[in-house]
Amino acid sequence: MRNNVPVDAAGPPEGIDFSLWGKSEGLPPGVRYPLACHLLDAAAAAEALWRDHVSPGVHETIAHGLDTTVDHAGTLIRHWAGLHDIGKITHGFQGQDATAPIRGYPAAEHRKAHDHVAAEWLQCALPEYGYPKDGRRPPTLMVAQLLGGHHGRFHQHVSVSSSAPLRALGYPDDAWETQRRLHLAAVTELLGHPAAPDQIDGTAAALVCGVVIQADWLVSQLSFIGRQLAGGLPATPGDLPRHLHRAREKVPALLGEAGLGRPAPRTGSFTAAFPSIDTPNGLQRSLAEHLPRLCEGPGLLLVTAPMGEGKTEAALYAAEVMGRAAGRCGLYVALPTMATADQMFTRVTTYLRRRNATPSTTTLLHGMAWLNPHYLSQQDTAPAEEQLPPDNPGSAEFRRLVEVSEWLRGRKRGLFADYAVGTIDQALMAALRSRHNVVRMLGLAGKTVVIDEVHAADSYMLALVTRLLNWLGRLQVPVILLSATLHHRTARTLIEAYLKGAGRRRNAAPIPTVAYPGWVYASAQSPHPVTVNPEPLETTQRKPLALHPREVSLTGDDTTALDRAIQEELAKLVEQGGCAAVIRTTVAEAQHTFHRIAEWSARHARATGTEPPEMYLLHARFPAQQRERVTEDIVHRLGANGAPNGQRPRSAILVATAIIEQSIDIDVDLMVSDLAPIHLLLQRSGRCWRHEHRGILARPAWATEPRLVVLAPHRTDAEDALPRGWSHIHHPSLLLRTHNLLRRWANQPVRVPEDVQELVDGMIDDTDLNPDNPHQDLDREATDLAYRSLGENAAIPPPGRATRDLYRLTDHDIDEAQVATRFGADTTRVVCCYSDSHGHRWLDEALSEELPETGELAHGGFSTGQVRAVLSRSLPVPGRWLEDHAEQAAPPETWLTSPHLCQIRLLVHRVGPDGSVHGPQLGGRRMYLDPRLGLVVEP
DNA sequence: AAGAAAAAAAAA
């Protein structure tokens, strides 16, 4: 470390110009907040964040990356935070405020954004303060770049080889330059001129940038600046120490209001964490017995087990053990969908409430979180809350312990809460080359990251998960992965990515194969031992599953044979009672089958003198509210609670798309499904006799075993036996392979979980499964590879390559649309509205509720109620459908001002004077919102 | 030509 800091220790230098401002927006006319004050505020905030908020484990990681002690790292970070806006001392920036002309400074052409100026100027100025500019990882470059990135995007290094580099870059030796140097000197002096580090690791620099941004966001709040202004501003440089002192006094309260604390470790046994579980099951016992001994620092835990084996509780317990061992006691639970995230939020908050005696913050993170009634801020309190029992997440008492500050509800800040639950996308955005990704990475760094249902990720998303694990391993963040079915190679790839980030050598011993069901624990600390559960896991006894392929013609306009096949499977149900689900591949097929089965079952019931079965239809193309209602209904009638309460129908048939594959807790006596890849079929079969082990259901006599009938084509050798649309949903290679696999297993019941891994691995690896179409397998592999490389391209580079240059973390020489957490998601949300003969538009067919065209809030803004009324009727359609019909589908112009409404499009239905309804014709498609079927599309 | 489900998008 160097110590040649050229600053006079006698006090801050004279001549600082307090009319140079740092903040003016939102302040009263003519009032501007001096830059020097803002810089010291940010330094004070960074200091407090480091002291009171950053996790002990993150302290270590950053200090290690700066090759110094935790204390010295803190001094450096507060110093750097105090320099972040130094680029505002330019004619370009100061001239922005037209109300105050600049006096005594030369004009300049120079118009670079102030963050860019910081990056350039500091690169030249820091060496005078002892920052090395040569070597493998010159700290000068790293610090300049990380401060230049405080708006969320990094700038490229400039080459500064000329003898007068600053002049060459457009910073001549003028009054501006004098002020920049004075500010730099004053801030450095006031913050104790810490010695420059010898080297800086890029991943640590990324986290430090996150801290600087967090500090800047905190002290840029108008309420805080207002308080600082009210306390009086410094008049001379001699007043600056007092300003810093005042900022230091105020900042802890600022962190408190924002909800930024440090979660306390949760300690105790499994039974203490889950008092409602009398006897932990095999998985939970195994982890409780072995994990505490294995965890001596950070690591990765992968758990593979079928649904219903208590994986969530096991993960929450493991997170306590692993978080404590790694000094990161926060928690992020990531799920594949918004619906599953909502459910998990309730479970996790209930658990945390039991585990935390002191108030803590928990956020729910996804695009529609604000619609969740359990996730309200203190401001919009539900009036009925007082009557709720204290255990209900909506109750006042509950919220006192699980609180969310307004600040944490702001964009991109939710991961700074102690605990968070949300979509996997929210975690993946930390690993995307998108703006402010370092803010998210910092949020994750202080937590144990749990990713539930990893199997739900496609190859694009898996590439992003892999890169994220790479970084989390490097940053020593504990990770827990949960999966129902996972190809063994995928499991290995994920573990390797984490360990590689943690520094594992390529030639290290191979990762042992994961047994199913089972768990693997990989230590992030050298020599990176990997442990597989020592004894086989005891699992819930399940009856073997009969997987029965039923071959029938699936192509062509005539569906008689197909309809009849389904009817034959369901005949006994109609006659004797029972519940079944039929899963079709496309929405149109589900609508068609629903229609046919409803007609037939009514007829057949009449003929046999029984009650017709209740019919349900579920797919994504229903208005949101209706979809939710149907879902609730199904779970209520066919779920675990229906049986004991007498809610289970005598007979019922649910027709659905793959939408019921995830997150719907129902139990059917029989399932019929279109052909799909085996891991998805197994996932679906999880709803067959799901609650059998609880012994709460009386099965009809015809249902002697859990049975999944798979509707498959006659032939297994050619693609044209499959309906054309299917190939866009599942690769034909996987469908034909699965079909052959099913034929092989047709007379042999599938034991769950024992046979699952063999089936899942076999579908991909067995060379005999698709002998006639080698080109098809190649095509699938090529497609997978393409998706994977698209994911890798959208992701930040691996931590090793980021160590020398942060630019690649956020550069935008790739298309914005390519930087997404999901690939090819071209979805538009539409609302079906109804236009009467006068051209008035309504939200309902009965013309009783108007389409909101003007906002009812003060400045024409739309109220939550109005937004909710529209969004609750919205449904997703492929964007392509609306492509050439912008005008026809255009929403009211006033919607463009609302971030929630501006993306919504309209499907205008005309209502005639006689009440007849006509849906819109968009190009070759006629659409109509059918009250029973959802959005029907006719070609 | 044709299509499950899934998420997100404003910061100082």
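Each chain gets a letter, A, B and so on, in the order its sequence line appears, and its residues count up from 1. Being a predicted model, the structure only gives us computed values, none of them experimental.
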Nucleotide of [options] approaching [X] most closely (side-chain heavy atoms):
X	options	answer
A/Trp217	B/dA5, B/dA11, B/dA8	B/dA11
A/His436	B/dA5, B/dA12, B/dA2	B/dA12
A/Thr657	B/dA11, B/dA8, B/dA4	B/dA4
A/Thr423	B/dA8, B/dA2, B/dA5	B/dA8
A/Lys23	B/dA4, B/dA8, B/dA12	B/dA12
A/Arg411	B/dA9, B/dA5, B/dA12	B/dA9
A/Met429	B/dG3, B/dA8, B/dA4	B/dA8
A/Ile729	B/dA5, B/dG3, B/dA12	B/dG3

| query | Using the benzene-type ring in the case of Trp, are the ring centres of A/Tyr787 and A/Tyr460 under 6.0 Å apart? | reply | no
| query | Centroid-to-centroid, A/His151 to A/His114, below 6.0 Å? | reply |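 Yes, close enough.
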In whole angstrom, give the distance that lies between atom [atom1] of [X] and atom [atom2] of [N].
X	N	atom1	atom2	result
A/Arg925	B/dA2	CZ	P	7 Å
A/His592	B/dA4	NE2	P	15 Å
A/Ile659	B/dG3	CD1	C1'	15 Å
A/Leu365	B/dA6	CG	P	19 Å
A/Ile904	B/dA9	CD1	C1'	13 Å

| said: Once side-chain hydrogen bond (donor to acceptor under 3.5 Å, both in side chains) is applied, do any residues pair with A/Thr657, and if so which ones, sequence neighbours excluded? | reply: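 Expected list: none.
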| request: Mind checking side-chain hydrogen bond (donor to acceptor under 3.5 Å, both in side chains) for A/Arg32 and listing every partner two or more places apart, or none if nothing turns up? | output: none
| Are A/Arg905 and A/Glu883 within salt-bridge range, i.e. N to O under 4.0 Å? | no
| query | A/Gln426 or A/His728: which one's nearest nucleotide on DNA chain B is closer to the 5' end? | reply |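 That would be A/His728.
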| message | Over all strands shown, is A/His619 touching base, sugar-phosphate only, or nothing at heavy-atom distances under 4.0 angstrom? | response | sugar-phosphate
| message | Using OP1 and OP2 only, check whether a side-chain N or O of A/Arg435 sits under 4.0 Å from B/dA12. | response |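 Answer yes for this pair, as a side-chain N or O of A/Arg435 is under 4.0 Å from OP1 or OP2.
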